[in-house]
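Here's the structure, in C-alpha cells; my notes come after.
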Amino acid sequence: MAMNVKKGDTVVVLSGKDKGKQGKVQRTIPKEDKVVVEGINMVTCHVKARRQGEESNIVQREAALYASKVQVVCPKCNKATRVGHKIEGDKKVRVCKKCGAEL
C-alpha cells in the first residue's frame, strides 16, 4: 500500500492519546506502514549501561504509529486534508483535496 505521508510533512494525529496534536514526520517505515512523528507517541525506554563507568538511565523517545492515524496538514489552508495526486507534465504532484495547493 502506498503511503501518503512523507518525511518532513506536518501531520495531525486523528486518534489515540495524542489526538489533535501536530508534529513533523521524522521517519517513515513503509514496510510496516508506520511513521515516527516529532513529540508524538512518547514512550519511556530503560537504557542499560554498555561500558564500565557509564550510567543506566530512563529516556523519553518517540515510538512509531500507524500512518492511517495521521493526516497531512496543508501549508496553505492550514487544515488537515486528504492527499490527492495530479500529473503535471512528466511529474506526479501531491495536492491538497480542500484547496488544491501543492503539498
Side-chain angles (χ1 to χ4, degrees):
M1 187 181 143
M3 288 177 68
N4 293 319
V5 186
K6 288 185 177 180
K7 183 180 175 179
D9 281 349
T10 303
V11 293
V12 65
V13 181
L14 301 174
S15 65
K17 64 180 181 182
D18 293 318
K19 183 179 178 176
K21 289 185 185 176
Q22 283 191 15
K24 194 169 254 183
V25 176
Q26 289 183 328
R27 193 164 64 107
T28 61
I29 310 161
K31 221 174 207 175
E32 296 174 23
D33 200 34
K34 290 184 177 185
V35 289
V36 177
V37 185
E38 193 178 310
I40 306 292
N41 200 22
M42 299 300 283
V43 291
T44 28
C45 291
H46 295 259
V47 180
K48 195 172 180 180
R50 294 288 173 207
R51 288 180 218 97
Q52 197 156 359
E54 198 176 288
E55 276 189 40
S56 299
N57 57 354
I58 299 168
V59 208
Q60 287 273 337
R61 67 180 184 105
E62 294 96 355
L65 67 153
Y66 284 103
S68 60
K69 284 187 166 220
V70 297
Q71 201 168 35
V72 179
V73 175
C74 174
K76 188 182 173 192
C77 63
N78 208 25
K79 291 178 184 170
T81 180
R82 297 197 321 278
V83 178
H85 295 279
K86 194 191 286 182
I87 296 164
E88 289 179 358
D90 59 340
K91 283 173 86 179
K92 191 175 180 182
V93 181
R94 298 186 312 151
V95 292
C96 170
K97 282 278 195 173
K98 290 190 176 175
C99 68
E102 198 175 303
L103 297 174

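Residue Val5 is grouped with residue Val83 when hydrophobic side chains (ILVMFWY) are merged at heavy-atom distances under 4.5 angstrom, including chains of intermediate members. Under the 4.5 Å side-chain heavy-atom criterion for ILVMFWY residues, no single connected hydrophobic cluster contains both Val73 and Val35.
What you find for Val12 and Ala80 is that their closest heavy atoms are CG1-CB, 3.4 Å. Scanning all heavy atoms of the two residues, the minimum distance from Thr28 to Lys7 falls at CG2-N, 4.0 Å. Among all heavy-atom pairs drawn from Pro30 and Met3, the shortest one is CA-SD, 3.4 Å. Looking at every heavy atom in both residues, Lys97 comes nearest to Thr81 through N-OG1, 3.3 Å. For Leu14 against Ser68, the heavy-atom pair with the smallest separation is CD1-O, 3.9 Å. In terms of heavy atoms, Cys96 sits closest to Cys99 at SG-N, 3.3 Å.
Counting only heavy atoms from C-beta outward, the side chains of Lys79 and Cys74 never approach each other to under 4.5 Å. You'll find the side chain of Val70 reaches within 4.5 Å of the side chain of Leu65, heavy atoms only. Side chains of Val37 and Lys21 form no contact here, defined as non-hydrogen atoms less than 4.5 Å apart.
For Glu62, the side-chain contact (heavy atoms from CB on, under 4.5 Å) partners at least two apart in sequence or on another chain are Gln26, Val36, Glu38, Met42.
More than 12 heavy atoms of other residues, nucleotides or ligands lie within 6.0 Å of NZ in Lys98, so this atom counts as buried by the packing criterion. For Lys48, the NZ atom is loosely surrounded, since the number of other residues' heavy atoms within 6.0 Å does not exceed 12.
With Asp9 as the partner, the salt bridge (Lys or Arg N to Asp or Glu O under 4.0 Å) test is satisfied by one option alone out of Arg27, Arg94, Lys24: Arg94. Under the side-chain contact (heavy atoms from CB on, under 4.5 Å) test applied with Val25, the options Thr10, Val11, Val72 reduce to a single match, Val11.
To the nearest 0.5 Å, the span separating CD1 on Ile40 from NZ on Lys19 amounts to 14.0 Å. With rounding to the nearest 0.5 angstrom, the CG atom of Leu103 is 11.5 Å from the NZ atom of Lys76.
Look at Glu54 and Arg51 and you find a salt bridge, because one of the NZ, NE, NH1 or NH2 atoms lies within 4.0 Å of a carboxylate O, short of that distance.
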